[in-house]
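Heads up, the thing below is written out as structure tokens.
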Amino acid sequence: MAEEPVDVLIIGAGASGAAFAWSLAETRMNILCLEQGDWMNPESYPGMRMDWEASQLGDFALSPNARGRREDYPVNDSASPIQASMFNAVGGSTIMYAAHFPRFHPSDFRVKTLDGVADDWPIDYQRLAPFYDVNAHMMGVSGLAGDPMYPPKAVPLPPVALGKLGETLAKGFNRLGWHWWPSDSAITTQEHEGRAPCINAGTCLLGCAQGAKASTDITYWPPALRQGVTLKTRCRVREITVGDNGMADGVIYYDADGVERRQQAHVVVLACNGIGTPRLLLNSKSKHFPGGLANRSGLIGKNLMFHPYAMVTGIFDEPLEGYKGPTGCCIMSQEFYETDRARGFLRGYSFEIVRSFGPVSTAMRGMQWGRVPWGAAHHRAFAELFDHTAGMVGICEDLPEPGNCVTLDPDLKDSDGIPAPKVTYRLSENSNKMLAHCVARATEVLEAAGAKETVTEAPLPFAGWHLMGTARMGTDPQRSVVNEWGRCHDVRNLFIIDGSIFVTAAGVNPTNTIQALALYIADTIKKNLANLFD
Amino acid sequence: MSDATHKPGLSPDEMRTLASVLDEIIPPSGDGRLPGAGQLGIAGYIDAALRKTAELKSMIAQGLADLDNLARQRNALGFAALSREDKLRLLNEQAFVLPLTFHTYIGYYQNAQVVAALGLQPRPPHPQGYEMKPNDLTLLKEVRRRAKRYREYRCICE
């Protein structure tokens, strides 16, 4: 049964969909968002329970395959050394991200010009800067102004607690004379827009029951709904439909009861992340687009970029109180961010200092590392690790390669019978060299900070948090899927606003840039309403 | 929806053997501060966990039965009655010890008594959270002195 047409239909209520809906709401257009997940109840987050750490193996596992919730869809990532991580709910993956919130750098938009690889973006840092500022307020970003690695920027709230762990590592960086700075974090450190400040519970990856971590269910969605946007949950879109004129005319979706429904729309906006968006486009075949919607370039699903992560954990003699504080936000270093060809690779990486683990995770990781055996030696081995570790992750810039891609799995389907995505990915030689450099430098820092031993994991297999590049932005329809403001070259009333449109990945977490892009695209649409499809 | 608590768990004999095995996986600490996993009652947690995973439950139940049979064949005593050395010798031969250790660690280290013995408050992290000391930003003195480190670049296509 077809429902009344809406002006704008947004698919996905995560980082980008929420920001976009909020920005466009002021137009008073009829805006509907369909989200396959549901609202989360912060009071039921694992941090409220004694078994909170075990939830990382169950209902809050990073991989949707491990969680197996109805709201999630499976991803065949068996052909990738990095597993895809995402969460489906109002708020999307911001429910379980670390909220590390750096911006891209000016140079990140000019990779081809500056370093001769990949492509330049069709927009630049200055274009996005005002939208980064808006996002900083809406998400409640904490940090410290004056970082010499960035142009001056708005940081509304003071930095998160560094703690003994952070200050110990900071001293290590200082001994080497290397850059470090308190992390930009989407975590409130003071009362902000009705949100309470962080209480250092250390459960960021399991949802924040305090509401200090910015997930879009508590930041953008409440004001967007107050302004009249409609959000329907547990509605999973199967395909975007196309009219005789080759324009998108709506979607077919399954509602909470599994009933197939049709929703017509004048504008369709995809906000489903770098895997969900190409999956939906490839599932939307028609006589106009037999190879998938908006795919005349053949680039839908191609150029998938993760951030290859290296993790080096230092073991210290003294306790570091590392179980306290925001899990992934503390300090970061960009000493090796910009290209130096003498290193043997192009582009660079950021270091992020992460907290250590609670008792369960210490025992599990100790077991995985072969350092916490069962039997008589158990207690001594556990005591050497618990509260005596500090972790550093290196987040390496991935470069786009057509062979790294999202396709449709021929067999795997979600709970509504919709074909699931398959990820094919390999690490490039450039990435492998960067990871090796990153591990060596991280080890130096940890030793300078006083670590007596280190444990290395690279690439980190579960770290497929950042999904980018699979419907890239550009001015040439042969070499890109969307134009410089997110409109599909092939379908002029179809917009993409998530990480799919990234041209390159930079060496920082992408959520802040995803949201700045969504706000910028919404702003451009508002300015061009009279001739949106020209 | 299936309710794991209604699925059959381990038998009383298996639970007795399990408790004895758990005290070998995590024995009491030498200083008496931390109890053994069996003594702490982690067998109950394991039993509940295994009810949710039939395949693992079958593997561990079979492993416990084999362990006890082997103990009787070699020593004419059930596993629980063996000496520490004999217990360890037998356990080192058993494949089920690895997955059992995994679940034992989870059950043991989320137990309030253990958490308290580690020096933490025996409560979930929320809603109280933790106090942390104010930041010492004087550590940034040297970094602040450095010149800007980013490459400035504007779009030339506009």
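Throughout, protein chains are lettered first and strands after them, A, B, ... in sequence-line order, and every chain is numbered starting at 1. Bear in mind that the values here come from a model prediction, so they are computed numbers and not experimental data. Keep in mind that the numbers below use all heavy atoms, side chains included, and drop hydrogens, waters and symmetry copies.
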If I compare all heavy atoms of [X] with all of [Y], which pair ends up nearest, and what's the gap?
X: A:G163; Y: B:N135; answer: N-OD1, 4.2 Å
X: B:P27; Y: A:G375; answer: CD-O, 3.4 Å
X: B:I25; Y: A:H378; answer: O-CB, 4.3 Å
X: A:P182; Y: B:L140; answer: CD-CD1, 3.7 Å
X: A:E167; Y: B:D136; answer: OE2-N, 2.9 Å
X: A:V372; Y: B:Y105; answer: O-OH, 3.0 Å

Under 4.5 Å, counting heavy-atom pairs only, tell me which of [options] racks up the most with chain B.
options: A:F386, A:F173, A:Y337; result: A:F386
options: A:P46, A:G177, A:A161; result: A:A161
options: A:R380, A:M364, A:Q210; result: A:M364
options: A:A363, A:G202, A:P151, A:A209; result: A:P151
options: A:E53, A:M48, A:E338; result: A:E338
options: A:E321, A:H179, A:E484; result: A:H179

Given that the side chain runs from C-beta out, which part of [X] has a heavy atom under 4.5 Å from chain B: side chain, backbone, both or neither?
X: A:P159; value: both
X: A:T339; value: both
X: A:Y150; value: backbone
X: A:I331; value: neither

Step by step, work out the side-chain contact (heavy atoms from CB on, under 4.5 Å) result for A:D51 and B:Y45. CA-CA 11 Å; A:D51 68 347; B:Y45 167 82; over 6 Å; no

Could you tell me which residues in residues 119-132 of chain B have at least one non-hydrogen atom under 4.5 Å from a non-hydrogen atom of chain A, sorted by residue number? B:L120, B:P122, B:R123, B:P124, B:P125, B:H126, B:P127, B:Q128, B:G129, B:Y130, B:E131, B:M132

Please confirm whether the ring centroid of A:F382 lies under 6.0 Å from the ring centroid of B:Y109. yes

Hey, could you give me the [atom1]/[atom2] distance between [X] and [Y], rounded to the nearest 0.5 Å?
X: A:D108; Y: B:R151; atom1: CG; atom2: CZ; answer: 9.0 Å
X: A:E335; Y: B:R146; atom1: CD; atom2: CZ; answer: 5.0 Å
X: A:Q126; Y: B:E152; atom1: CD; atom2: CD; answer: 6.0 Å

Is there a donor-acceptor contact under 3.5 Å from the side chain of B:R144 to the main chain of A:G146? no

Strictly distance-based, threshold 3.5 Å: is any side-chain N or O of A:N174 a donor or acceptor partner for the main-chain N or O of B:L139? yes

Any [X] side-chain heavy atom under 4.5 Å of [Y] side chain:
X: B:L91; Y: A:W374; value: yes
X: B:I26; Y: A:H379; value: yes
X: B:R149; Y: A:Q334; value: no
X: A:Y323; Y: B:L118; value: no

For B:A147, is it the side chain, the backbone, both or neither that has a heavy atom under 4.5 Å from a heavy atom of chain A? backbone

Proximal component of B:V115, with respect to chain A [non-hydrogen, under 4.5 Å]: side chain

A:E43, CD atom: more than 12 neighbouring heavy atoms under 6.0 Å: no

